[in-house]
Asks: 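Let me give you the structure first, and then I'll get to my questions.
No experiment lies behind these values; they were computed from the predicted model shown. This chain uses plain numbering: 1 for the first residue, then up along the sequence.
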Amino acid sequence: MAGHGASLLLLLGLLPALLAVRINSKGREVLYLAKGDSVKLGCPYVLEPEDNGPQGVGIEWIQITPERPGPEKVFLSYQDHHVNYGSGSGLRDRVAFVQNDPSQYDASIRLADLQVSDTGTYQCRVKKNTVAVHEVIVTVEEKPAPPQCWAEGEVVEGRSVVLRCFSRGGATPLAYQWAKLATGYGGGHLPSGTIQGRGPGDLIIRSLTEVHNGVYQCRVTNRVGYSTCQINLTIVQKGKKVGVIVGSILGSLLLLSLLGLLIWALICRYRQKECQQTCSDCRSSTGGTMTRACNVCGHHTYSPHGISYMQCQHGDSDERAAALLCNEGIRHQVACPAL
């Protein structure tokens, strides 16, 4: 009986120390977070009424990373109403206590602008007469990069088409999911005739009909986020396909005709200017005695000498003025030969 009483007294004596600090968290937490995000690492605690010791509360946050093995490093602590930042962790400018006074039963912290290198185990230690420890395992990964969506094949009624989706970045594994966003499908269903293709982001649509018209969305996800892209599918009816081809051919022919007319007009304009210049040279060669304007100006070939020249006829007279000859790029002023 005496021994039982002594044990009870010993337990009562230790009770204040055993109940000194308690962290209100449910075991170890595991978080998967996206690069660039912010997160709150919770560490609320309570002090039992029996703990009336004179010493203050001490708080330490420790980061344990697989890339930097070695002794534990405290990157943030609180003691005697002072907040201290550790060195060498790379978190100094991105970490802070949530509460201005962590001694008020909350040692939670907030991490900003998460990086992949922040992956590791984070320990919260609250010290009074005893030490309470809470761990949070943080894994930081990159979200899927914005994917690209495109269609392969003729989008014609009765044909088959392949919708492709591909993301060039992000932590693996990546999961691809297609959905039709048109009214009546709720953004999560696909119409009949669709099957999974060989690639993870491929969707095959067979025997295209009007029901397949609409907007299709590809959603790429991993453990920390998702990205999407969309493609609008408009089915062309068979008869309209022929009309489109004929219209394209006629349009091309019309464009070529207009282009030919433009070139012809430019050539005529150039020849007209050349004739006008030659007529002016003809007047100058007569010493200004020609009082009438040239009525006719044309391009002729003077075959006896293989020389091209410009001929001017003026008034009603048979008189010919001098002309400019062009032989191998050299201009010569000679008398116009008789026709």
Asks: Could you pull out the closest heavy-atom pair between A151 and V161, with the gap in Å?
Replies: CB-CG2, 4.1 Å

Asks: With clusters defined by side-chain heavy atoms of hydrophobic residues (ILVMFWY) lying less than 4.5 Å apart, directly or transitively, does V138 cluster with V39?
Replies: yes

Asks: Determine, stepwise, if the pair I204 / D202 fulfils side-chain contact (heavy atoms from CB on, under 4.5 Å).
Replies: CA-CA 7 Å; I204 301 176; D202 294 352; 5.5 Å; no

Asks: So which heavy atom on P102 is nearest to which on N100, and how close?
Replies: CD-O, 3.5 Å

Asks: Is there a donor-acceptor contact under 3.5 Å linking the side chains of D113 and Q115?
Replies: yes

Asks: With a 4.5 Å heavy-atom cut-off, do C124 and L41 have their side chains touching?
Replies: no

Asks: Answer with yes or no whether the side chains of D101 and Y78 bring together a donor and an acceptor at under 3.5 Å.
Replies: yes

Asks: May I ask whether L114 and L31 are part of the same hydrophobic cluster, defined by side-chain heavy atoms of I, L, V, M, F, W, Y residues being less than 4.5 angstrom apart, directly or through others?
Replies: yes

Asks: Looking at every non-hydrogen atom in both residues, tell me the closest pair between P144 and N222 and how far apart they are.
Replies: CD-OD1, 3.3 Å

Asks: First locate atom OG of S77, then atom CZ of F97, and finally report the distance between them rounded to the nearest 0.5 Å.
Replies: 7.0 Å

Asks: Would a distance-only check, ignoring hydrogens and angles, find a side-chain to backbone donor-acceptor pair under 3.5 Å from Q196 to G199?
Replies: yes

Asks: Look at the aromatic rings of W61 and F75 and report parallel, tilted or perpendicular, splitting at 30° and 60°.
Replies: tilted

Asks: Go through the side-chain N and O atoms of Q237 and E210 and say whether any donor and acceptor fall under 3.5 Å apart.
Replies: yes

Asks: Would you mind telling me which of I205, V236, I235 makes a side-chain contact (heavy atoms from CB on, under 4.5 Å) with V155?
Replies: I235

Asks: So do the side chains of L190 and Y216 get within less than 4.5 Å of each other, counting heavy atoms only?
Replies: yes

Asks: Ignoring hydrogens, what is the shortest heavy-atom contact between P147 and C229? Give both atom names and the distance.
Replies: O-CB, 3.5 Å

Asks: Would a hydrophobic clustering, with Ile, Leu, Val, Met, Phe, Trp and Tyr connected at side-chain separations under 4.5 Å, put L174 with L163?
Replies: no

Asks: Out of the candidates I62, L111, I64, L76, only one should pair with Y122 under the side-chain contact (heavy atoms from CB on, under 4.5 Å) rule; please name it.
Replies: L111

Asks: Tell me, yes or no, whether the heavy-atom count around R159 atom CZ, taken from other residues, nucleotides or ligands under 6.0 Å, exceeds 12.
Replies: no

Asks: Can you see which heavy atom on R28 is nearest to which on I137, and at what distance?
Replies: CD-CD1, 3.3 Å

Asks: Are the side chain of H82 and the backbone N or O of Q79 linked by a donor-acceptor pair below 3.5 Å?
Replies: no

Asks: Quick check on the hydrophobic clustering: are V220 and L181 connected, directly or via other members, by side-chain heavy-atom contacts under 4.5 Å?
Replies: no

Asks: Is R94 reaching over with its side chain to a backbone N or O of A112, donor-acceptor style, under 3.5 angstrom?
Replies: yes

Asks: Is C165 disulfide-linked to C218, taking SG-SG under 2.5 Å as the test?
Replies: yes

Asks: Below 4.5 Å, heavy atoms only, C-beta onward: do Q177 and T221 meet side chain to side chain?
Replies: no

Asks: Among the clusters formed by ILVMFWY side chains lying less than 4.5 Å apart, do L47 and I59 turn up in the same one?
Replies: yes

Asks: Quick check: closest heavy atoms across W178 and L203, and the distance to 0.1 Å?
Replies: CD1-CB, 3.6 Å

Asks: Regarding Q217 and R219, is there a side-chain donor-to-acceptor distance under 3.5 Å anywhere?
Replies: no

